[in-house]
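The structure displayed is predicted, hence computed values, not measured ones. Excluded from the calculations below are hydrogen atoms, water molecules and symmetry mates; all remaining heavy atoms, backbone and side chain alike, are included.
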Amino acid sequence: LMIILFFGALIWVYVTAKVVDVISNANPELTAFRNTMDNLNRFIAFNKLPTELSQRLREYYYATKHIQAAEARAQITNGLSPALQEEVALLLNKKWLREAPFFNGLRMLVGDDDYKDMPPEV
């Protein structure tokens, strides 16, 4: 009976750990921001910064939270080959590129199937 209880407890711990892992990694940008704020708070405490400056530093990070998230997304595309970067950029910006008169007539923007079948360069 004790062995069954022991293994049941191990399974419960494993399942609980997996659930916590899924929840904590559901939004990696938020997790990164919280880690940055934790690092900032440690920096402030270690250097014994004045309260007014500490508050301004925290406000700055909260105000630039969206910029940090955009930079994290940009790192993904920076790791791609130039051809894949172009394909992703065209896909993400296709709507407004089609609406800009300057880009009218470009085969890549009108959804030509020949372009989509081209293999990406590495």
Side-chain angles (χ1 to χ4, degrees):
L1 182 62
M2 290 299 285
I3 293 173
I4 294 172
L5 288 174
F6 178 73
F7 282 112
L10 284 179
I11 291 171
W12 179 252
V13 168
Y14 178 78
V15 169
T16 304
K18 285 296 181 183
V19 168
V20 169
D21 183 48
V22 167
I23 291 170
S24 65
N25 291 323
N27 188 344
E29 292 169 354
L30 180 60
T31 302
F33 177 74
R34 288 179 178 162
N35 288 338
T36 299
M37 293 305 292
D38 288 342
N39 289 336
L40 176 63
N41 289 331
R42 283 191 290 277
F43 175 81
I44 289 168
F46 180 79
N47 292 297
K48 298 178 179 126
L49 297 180
T51 305
E52 188 269 333
L53 177 59
S54 301
Q55 184 177 1
R56 286 192 0 240
L57 290 171
R58 289 183 186 103
E59 287 173 356
Y60 172 80
Y61 274 97
Y62 275 107
T64 60
K65 182 178 177 180
H66 65 283
I67 295 172
Q68 295 170 22
E71 288 173 351
R73 289 188 297 271
Q75 286 180 347
I76 298 298
T77 56
N78 289 341
L80 300 174
S81 70
L84 285 173
Q85 285 180 0
E86 178 184 358
E87 187 175 347
V88 169
L90 285 172
L91 181 67
L92 295 177
N93 298 302
K94 186 180 285 190
K95 180 181 177 187
W96 72 265
L97 286 172
R98 284 184 173 174
E99 293 174 5
F102 178 78
F103 295 110
N104 284 347
L106 288 179
R107 182 175 64 98
M108 293 181 282
L109 300 177
V110 295
D112 192 344
D113 289 334
D114 293 336
Y115 176 73
K116 291 182 181 179
D117 292 337
M118 292 173 58
E121 297 174 11
V122 179

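- The structure places CD of E87 at 10.5 Å from CG of L92, a figure rounded to the nearest 0.5 Å.
- Considering all non-hydrogen atoms of both residues, Q85 and T77 come closest at NE2-O, 2.9 Å.
- Within a 6.0 Å sphere centred on CD1 of I4, other residues, nucleotides and ligands contribute 12 heavy atoms or fewer.
- Applying the side chain to side chain contact (heavy atoms under 4.5 Å, CB included) test to N78 and every residue at least two apart in sequence or in another chain returns nothing.
- Note on E29 versus K65: no salt bridge recorded, every NZ/NE/NH1/NH2 to OD/OE distance being 4.0 Å or above.
- One hydrophobic cluster, built from ILVMFWY side chains closer than 4.5 Å, holds both L10 and I3.
- Atom CG of N41 and atom OG1 of T36 lie 11.0 Å apart (nearest 0.5 Å).
- A distance of 6.0 Å separates CG in N27 from OG1 in T31, rounded to the nearest 0.5 Å.
- No side-chain donor-acceptor contact under 3.5 Å links N39 and N35.
- Through side-chain heavy atoms spaced under 4.5 Å, either directly or across other Ile, Leu, Val, Met, Phe, Trp or Tyr residues, L49 is tied to F33, M37, L40, F43, I44, L53, L57, Y60, Y61, Y62.
- Put simply, L90 and W96 are part of the same group of oily side chains (I, L, V, M, F, W, Y) that touch within less than 4.5 Å, one to the next.
- For the pair T64 (side chain) and I67 (backbone), a donor-acceptor distance under 3.5 Å is absent.
- Residues passing the side-chain hydrogen bond (donor to acceptor under 3.5 Å, both in side chains) test with Q75: none are found, sequence neighbours excluded.
- One finds the CZ atom of R73 at 11.5 Å from the CD atom of Q68 (value rounded to the nearest 0.5 Å).
- The neighbour count for R34 CZ, taken as heavy atoms of other residues, nucleotides or ligands under 6.0 Å away, does not exceed 12.
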